[in-house]
Number of protein chains: 2
Amino acid sequence: MDRVDEAIGGGARLLARLDRASTTQVVADALRERILDGQLRSGSQCQELQLTAALGVSRNTLREAFQILIAERLLVREPHRGVFVRRLEAADVRDIYAVRRLIECAALAAPASTRGLPEMQAAVETAHAAAARGDWYEVGNADVRFHLAITASVGSARVDRTMRALLAELRLAFQLMADAHALHEPFLGRNQQLVEMLEQRRPVEASIELAGYLDDAEQLLLATLTPVEP
Amino acid sequence: MDRVDEAIGGGARLLARLDRASTTQVVADALRERILDGQLRSGSQCQELQLTAALGVSRNTLREAFQILIAERLLVREPHRGVFVRRLEAADVRDIYAVRRLIECAALAAPASTRGLPEMQAAVETAHAAAARGDWYEVGNADVRFHLAITASVGSARVDRTMRALLAELRLAFQLMADAHALHEPFLGRNQQLVEMLEQRRPVEASIELAGYLDDAEQLLLATLTPVEP
DNA sequence: ACATATGAGTTGTTCGACAATCCAACAAGA
DNA sequence: TCTTGTTGGATTGTCGAACAACTCATATGT
């Protein structure tokens, strides 16, 4: 075989080669991370030549990675103009929250929703710790985990994926806000409250509370979103 | 503008140029159609060289189209082995029907569900006509339109897209059945029944009926799916 | 001032190359 | 015979270069 010499470096290296991701996947993951943490700002263009240079990959590979993120709706392609980090419109935010109310409230109202309690509790603690040190990006991560724990109780891989994609998309809107503090702070306590309601076996009440919670979050986001015009 | 000469052929031609699709998109659409109508059988491999020759496009363009259909879960990639038309497992079918019950029943129970009535009625008629002439593929199309009309009443673009993708995915399983007749026939009348319940403003009853309907469809599909082993 | 032409820069698509990997067929040894 | 390498061909993964098609800003002509 060719290049056996390089594999001699150690067994860990060999195993790593087995379930390695393709370059395309690595690039897509890297871009997704940069988008979600705000390094690639909403609305900014992703120029092929520039990114191929920055990432050290070919245009073909980069374009395959683009397709992945376009399918996830984190990027949009404008034909012959370029690929851009998606900008969420007010209508998108409303749509996303409508879906969240539909799925999350249904999941929380079901008796099985207590299955997600350990994950939810852990997420609440992580969020509090992160907030205490002012790491609002990590607070956002923990909040995503919290809501994923709710929908995980449905036990459906597709619901999981849908929610994951939906919450990632929503984070595009978070970054348009000047201070993430104002967005996340009010909901730290309410997450805690939902946990307690579930601990006391009052899932239906929790579901109703969550509906109001999501309404408030939607309004807050819309209020800070609409005045923004480039 | 450039190339005005070519546009003289007619206004339709001009419009076609404006919102023309990229080659990648055309290829993805062509492949999707071939998958859904069964020309590309579930489990079969999509070899790059073979398809580039058949479609007259380059490998790179084909691979970009693959990414689109992989994201739609109609194709799966096995690294270094190839791209295959997805095979649905029993677990997939169960998962899909769980999501359908969640979304469709919620949509139908809501008062707004009567908004979709005209579309639903049209789909029922189309299905009956297609069934009368034995065109079971078109019956399947009409059935998809029927259920999309139900979820359209939610008024969410994302719910629409999710359902569209879900039903496309589900058609992968339909093709594994020997006769589509056995699958669709029992549900022609039940679609009609749902329409009538909605016409009589009994959405909640309709929702309950739909839940049983989906249960039955799931069981029918699972029964014909599990014994199939290549 | 307005319409049109020009040109530089970017995207869309193709081609050819080669490394990495899989797989089936074969060869060698127990 | 059965198992265990070995080998070579076929396929996928990734790259680089090329050119056509298109966008946009600028310059030109009227």
Side-chain angles (χ1 to χ4, degrees), chain A residues 1-9 13-31 40 43-71 75-85 230, chain B residues 1-9 13-31 40 43-71 75-85 230:
Chain A
M1 296 292 167
D2 27 3
R3 309 196 67 89
V4 173
D5 48 336
E6 284 201 8
I8 298 180
R13 172 75 185 272
L14 189 66
L15 280 174
R17 289 179 68 87
L18 287 178
D19 58 345
R20 80 200 168 288
S22 67
T23 305
T24 298
Q25 199 60 56
V26 171
V27 169
D29 292 345
L31 288 177
L40 282 173
S44 65
Q45 185 169 10
C46 299
Q47 280 197 178
E48 296 184 354
L49 225 63
Q50 181 183 319
L51 279 177
T52 54
L55 296 168
V57 299
S58 73
R59 278 184 67 209
N60 293 322
T61 300
L62 178 65
R63 286 175 61 90
E64 283 191 34
F66 277 169
Q67 292 288 4
I68 294 176
L69 297 172
I70 288 169
L75 295 179
V76 289
R77 155 163 284 138
E78 300 187 15
H80 288 283
R81 297 205 347 110
V83 168
F84 300 81
V85 178
Chain B
M1 295 296 165
D2 34 357
R3 311 197 65 91
V4 173
D5 49 335
E6 284 201 7
I8 297 180
R13 173 76 185 271
L14 185 67
L15 283 175
R17 287 184 68 85
L18 288 179
D19 59 347
R20 79 199 170 290
S22 66
T23 306
T24 298
Q25 197 60 57
V26 171
V27 169
D29 292 345
L31 288 177
L40 281 174
S44 66
Q45 185 169 10
C46 300
Q47 285 200 172
E48 296 184 355
L49 226 62
Q50 180 183 319
L51 279 178
T52 54
L55 296 169
V57 298
S58 72
R59 277 183 68 207
N60 292 320
T61 299
L62 178 66
R63 286 174 62 92
E64 283 192 34
F66 277 169
Q67 292 288 5
I68 294 176
L69 296 171
I70 289 169
L75 295 179
V76 288
R77 156 162 281 139
E78 300 187 14
H80 287 284
R81 295 208 345 108
V83 168
F84 302 80
V85 179

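These numbers were taken from a predicted model, which means no experiment stands behind them. Chain letters run A, B, ... following the sequence lines, proteins first and then strands; every chain starts at 1.
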Report task. Taking Thr52(B) for its side chain and Glu48(B) for its backbone only, find out whether a donor-acceptor pair lies under 3.5 Å. Result -> yes
Query - Per-nucleotide protein contact string for nucleotides 7-16 of chain C, where B marks a base within reach and S marks sugar-phosphate only (heavy atoms under 4.0 Å, - for neither) - result: ---SBBBBB-
Requested in this report: Report the C-alpha distance between Gln67(B) and Arg77(B) in whole Å, list the side-chain angles of each, state the deciding distance to 0.1 Å, and finish with yes or no for side chain to side chain contact (heavy atoms under 4.5 Å, CB included).
Outcome: CA-CA 9 Å; Gln67(B) 292 288 5; Arg77(B) 156 162 281 139; 3.5 Å; yes
**Report entry** Audit row: Leu51(A), Leu31(A), side chain to side chain contact (heavy atoms under 4.5 Å, CB included) steps and yes/no
**Finding:** CA-CA 10 Å; Leu51(A) 279 177; Leu31(A) 288 177; 4.2 Å; yes
Query raised in the report: Can you name the residues that form a side chain to side chain donor-acceptor pair (under 3.5 Å) with Glu78(A), not counting sequence neighbours?
Result: Arg81(A)
Report summary line: Taken to the nearest 0.5 Å, the spacing of Thr23(B) OG1 from Gln25(B) CD works out to 10.5 Å
